[in-house]
Chemist: 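Mind looking over this structure? Questions follow.
Scope of the values below: all heavy atoms of this structure, side chains included, with no hydrogens, waters or symmetry mates. Values in this document were obtained by computation on a predicted structure and should not be read as measured data. Just so it is clear: chains get the letters A, B, ... in the order the sequence lines come, proteins before strands, and each one is counted from 1.
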There are 2 protein chains.
Amino acid sequence: MAARRNLPKPTDAASSPVSMADLARELGVSMTTISRALSDHHSIGPATKQAVLKLAKKLNYQPNHLAAALRKGKSKLLGVIVPYIEGRFFASVVHGIETAASKAGYSVIICQSSEDVAQERKNVETLLSAQVAGILVSVSRNTLDFRHFEKVRKHGVPLVFFDRILEGDNVNAVVLNDRGGANQATRHLLEQGCRRVAHLAGPLHLNIYKNRRQGYLDALESFGIAPDESLIMDCDMTLESGAACMAQLLELPNPPDAVFSAGDSAILGALQLLKSRGIRVPQDVALAGFSNEALTSVAEPMLTSVDQRCEEMGQAAFRLFKDLVDAEGTAFSQRQVVLQPQLFVRASSLRTGPA
Amino acid sequence: MAARRNLPKPTDAASSPVSMADLARELGVSMTTISRALSDHHSIGPATKQAVLKLAKKLNYQPNHLAAALRKGKSKLLGVIVPYIEGRFFASVVHGIETAASKAGYSVIICQSSEDVAQERKNVETLLSAQVAGILVSVSRNTLDFRHFEKVRKHGVPLVFFDRILEGDNVNAVVLNDRGGANQATRHLLEQGCRRVAHLAGPLHLNIYKNRRQGYLDALESFGIAPDESLIMDCDMTLESGAACMAQLLELPNPPDAVFSAGDSAILGALQLLKSRGIRVPQDVALAGFSNEALTSVAEPMLTSVDQRCEEMGQAAFRLFKDLVDAEGTAFSQRQVVLQPQLFVRASSLRTGPA
DNA sequence: TTGTAAGCGTTATCAG
DNA sequence: CTGATAACGCTTACAA
């Protein structure tokens, strides 16, 4: 018994949805009254209001947001454009955005640019056509200009950038203090007694990698160490690339005693290469990465890394959008929110003995 | 020079968006003509059509999908409900869905149920109110009935389940052959010569875990091995839980020589516990997990695992939805798509010596 | 090939 | 406190 629990009753093919007009007819009042009852307007008798709400529940009334949005000229849809959604970082940021947004009654439409400006342009068009209330975007790797975002502003749609932004443009943005985080990580390595700290740098046209590199340089300077160009490697931040860079670093006449990478995959590649050569981590070479990916706690030794506060970033981005909406008309120009990263120190950088 | 690249020209506050009516007025034709030109209708002179398109481009006309959807009664919005979006699995599935959807001209609205039926119910309401063309859902952990999905069908909105579905209900769904995958993994362990294979089982009210357990039992049976209840552990699939289960298994008078876990985090926990006790993997205990998470390639030894074809699942789910839309009216009842998982054999289960 | 007009489900304005 | 009516931007019979 109890074999088939909640099977659909056979007798219901898509019955036409019930509208406000239906409620009005049924109750013998005007649509205006229905609208007011449903939207909690003040000019409405408590009795009628209750009656409306009751009937709405009974008939399973489902408001049509499209119609409302069309009429009001503003939807409760929020557009989000990310390079891709796989991988911890963007998934977490989107998680943060969605959570904050839905609390405020917004639904989020997600678009992937696949690291391609052309697609990003299409995404913008799509979102504008969907009449979104705002757009949150982290630009693709090869986005070099702002033309397609001009259109967004022309339509009067609030625009917020997060994480990856275009340098030199004054826009609303939420970013991580990448420079500070990199500085912190590098200082930590220096404090462990390392003196030849190498850096795996990402593509420098992206603000995030440029800033991480700068933070690395800052730390060296504060320790009075002159930067050595041969210790700064161009790296595309993949596992393979990290290993290749590490191999190259080991070829140097005077190889590094520590490596700070602008990303975690690359530092893992470096770790694997070191282990394959029998070089001890952290005793011979100490390591630190950036992003605090899950893999940092799985690697052996566990990897020191800078956490990016992904979820906070999502929340902050939404809040900034909301501020823009609420400040409608109030002419305030640009807002930047800067989040403070947090260094997670793990075994890969902790030298047990003295410096 | 070239300091400020693409700064907004100071002279443009949200100019009101241009509509079809504007184009019509400007060109001195009717809105019908505009509509036809824009929607590539056949009854339209090539000359007028070109003129319209040119003007549209010039005036930066942006179609209003909301209005079109309202009129047509069908939007190009697709609703997706997942328990959460962080973590590899759902992020990848969503990636697959979004990629397929956007190719077909749909935008996807993402909702998280946070593993909570109440929230899931709200999500359904939200999506219906947004007039989505369809809903794709992977149910939350504590979803036990279908009432809130009845409403979806009543509205005539195509509904597709993926991965997590409710057993016993006949619905459109895309699932993994979890049973087959588990069978494959367990057989592999048996073929390596293991004879006491333990199983870390997930919450059994979820189809996926129930099926994985069954696949495990199938494999034992095909090897003529009677299942030993003391080797089957209830596990909530976390790292900690996996370690705890492993510890318990080691207490047995006759401990296992292999473990198949229904999830990767748990098997990693088991691995860490074994290593901490100096027990060799795979020589003393061979390990295999499920999901093929990124961490499986980072662990040492690397972990054997069953890949879930996340992205294919997303694509398949979208395709199933599309089929439903295209078959509008055609009364075909339920469709199930079953994807074949793939076993990735790695060091954690490969015994070098003979059995 | 083109135009007219009605209507999708709301909300807002103005009268009662 | 309530009601009639216009309007949001677009599609689509139907008519010319």
Side-chain angles (χ1 to χ4, degrees), chain A residues 14-53 56 59-77 105 128-133 155-156, chain B residues 14-53 55-56 59-77 105 125 128-133 155-156:
Chain A
S15 52
S16 59
V18 26
S19 73
M20 283 180 31
D22 299 319
L23 298 184
R25 198 175 319 111
E26 190 79 12
L27 267 188
V29 299
S30 77
M31 277 184 48
T32 314
T33 304
I34 304 291
S35 175
R36 286 206 258 250
L38 260 28
S39 53
D40 219 39
H41 194 278
H42 58 277
S43 287
I44 181 87
T48 23
K49 181 166 159 184
Q50 283 315 313
V52 171
L53 292 179
L59 296 194
N60 232 301
Y61 166 74
Q62 202 68 37
N64 185 330
H65 286 170
L66 256 51
L70 174 60
R71 177 60 234 249
K72 295 199 283 198
K74 270 299 164 208
S75 76
K76 279 291 206 171
L77 297 173
L128 287 179
S129 289
Q131 311 294 119
V132 293
H155 282 249
Chain B
S15 52
S16 59
V18 26
S19 73
M20 283 180 29
D22 298 320
L23 299 184
R25 197 176 319 111
E26 190 80 13
L27 268 187
V29 298
S30 77
M31 275 184 53
T32 315
T33 303
I34 304 291
S35 174
R36 286 208 257 251
L38 260 29
S39 55
D40 220 36
H41 194 277
H42 58 279
S43 286
I44 180 90
T48 22
K49 182 166 160 183
Q50 284 315 313
V52 172
L53 292 179
L55 184 68
L59 295 194
N60 233 299
Y61 167 72
Q62 202 68 39
N64 184 330
H65 286 170
L66 257 50
L70 176 60
R71 174 60 230 251
K72 295 201 283 198
K74 268 300 164 209
S75 77
K76 280 290 205 173
L77 297 173
E125 302 275 318
L128 288 178
S129 289
Q131 309 295 117
V132 293
H155 281 248

Chemist: Indicate whether OP1 or OP2 belonging to D/dT2 is found under 4.0 Å from a side-chain N or O atom of A/S43.
Modeler: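 Answer no for this pair, as no side-chain N or O of A/S43 is under 4.0 Å from OP1 or OP2.
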Chemist: Would you say B/S75's side chain and B/Q131's backbone share a donor-acceptor pair under 3.5 angstrom?
Modeler: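 Yes: the side chain of B/S75 pairs with the backbone of B/Q131.
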Chemist: Give the minimum heavy-atom separation between B/K74 and B/V132, together with the two atoms involved.
Modeler: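 That would be NZ-O, 4.5 Å.
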Chemist: Any chance the side chains of A/S30 and A/T33 put a donor and an acceptor closer than 3.5 Å?
Modeler: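 Distance-only check passes for A/S30 and A/T33.
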Chemist: Separation of B/N64 atom CG from C/dC8 atom P, in whole Å?
Modeler: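 My rounded result for the distance is 18 Å.
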Chemist: Once you round it to whole Å, what is the distance between P of C/dG7 and CG of A/L70?
Modeler: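 Rounding to the nearest Å, CG of A/L70 and P of C/dG7 are 17 Å apart.
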Chemist: Checking all strands, does B/S39 fall into the base, sugar-phosphate, or nothing category for heavy-atom contacts under 4.0 angstrom?
Modeler: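 No contact.
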Chemist: Can you check the B/H41 NE2 to C/dG3 C1' distance for me, whole Å?
Modeler: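 Roughly 14 Å, once rounded to whole Å.
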Chemist: Might you point out which heavy atoms bring B/I34 and B/V29 nearest each other, and give the distance in Å?
Modeler: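 Heavy atoms only, the tightest pair is CD1-CG2, 3.8 Å.
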Chemist: Over all strands shown, is A/T32 touching base, sugar-phosphate only, or nothing at heavy-atom distances under 4.0 angstrom?
Modeler: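 If one applies the 4.0 Å heavy-atom cut-off, A/T32 turns out to touch a base.
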Chemist: Here's a test of your reading of the structure: between A/S35 and B/K72, which maps to the more 5' nucleotide of DNA chain C?
Modeler: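 Between the two, 5'-proximity favours B/K72.
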Chemist: Hey, which of these two, A/P46 or B/S19, hits DNA chain D nearer its 5' end, going by closest nucleotide?
Modeler: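 Its nearest nucleotide being more 5', the pick is A/P46.
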Chemist: Using a cut-off of 4.0 Å on non-hydrogen atoms, how would the nucleic acid contact of A/I44 be classed: base, sugar-phosphate, or nothing?
Modeler: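 If one applies the 4.0 Å heavy-atom cut-off, A/I44 turns out to touch the sugar-phosphate alone, with no base involved.
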Chemist: Quickly work out the A/I34 CD1 to D/dA4 P distance and round it to whole Å.
Modeler: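 After rounding, the gap between these two atoms is 12 Å.
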Chemist: Whole angstroms only, please: what is the CE-C1' distance between A/M31 and C/dT13?
Modeler: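 Atom-to-atom, A/M31 to C/dT13, this comes out as 14 Å.
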Chemist: Hey, is the side chain of B/Y61 poking within less than 4.0 Å of OP1 or OP2 on D/dG9, counting only N and O atoms?
Modeler: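 Checking D/dG9 against B/Y61, no side-chain N or O comes under 4.0 Å of OP1 or OP2.
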Chemist: Tell me which of A/A68 and B/G28 sits closer to the 5' end of DNA chain C, going by the nucleotide each one is nearest to.
Modeler: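 Nearer the 5' end of the strand: B/G28.
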Chemist: Nearest whole Å is fine: how far is C/dG7 P from A/R71 CZ?
Modeler: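 In whole Å, C/dG7 P and A/R71 CZ are 19 Å from each other.
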Chemist: Which part of the nucleic acid, if any, lies within contact of B/G45, taking any heavy atom under 4.0 Å across all strands shown: a base, the sugar-phosphate backbone alone, or nothing?
Modeler: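 Counting heavy atoms under 4.0 Å across all strands, the contact made by B/G45 is with sugar-phosphate only.
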Chemist: Is there a side-chain contact between B/K49 and B/V52, using heavy atoms and a 4.5 Å cut-off?
Modeler: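 No, every pair of side-chain atoms sits at 4.5 Å or beyond.
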Chemist: With sugar-phosphate meaning primed atoms plus P, OP1 and OP2, does A/T33 contact a base, only sugar-phosphate, or nothing at under 4.0 Å between heavy atoms?
Modeler: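 Since only primed, P, OP1 and OP2 atoms lie under 4.0 Å of A/T33, the category is sugar-phosphate.
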Chemist: Can you check whether B/S30 has a side-chain N or O nearer than 4.0 Å to OP1 or OP2 of C/dG3?
Modeler: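 So the side-chain polar atoms of B/S30 do come within 4.0 Å of the phosphate oxygens OP1 or OP2 of C/dG3, strictly under.
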Chemist: Could you state the atom-to-atom distance from NZ of A/K74 to P of D/dC8 in whole Å?
Modeler: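 It works out to 16 Å between those atoms.
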Chemist: Return the value, rounded to whole Å, for the distance between atom NE2 of A/H65 and atom P of D/dG9.
Modeler: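 Between P of D/dG9 and NE2 of A/H65: 20 Å.
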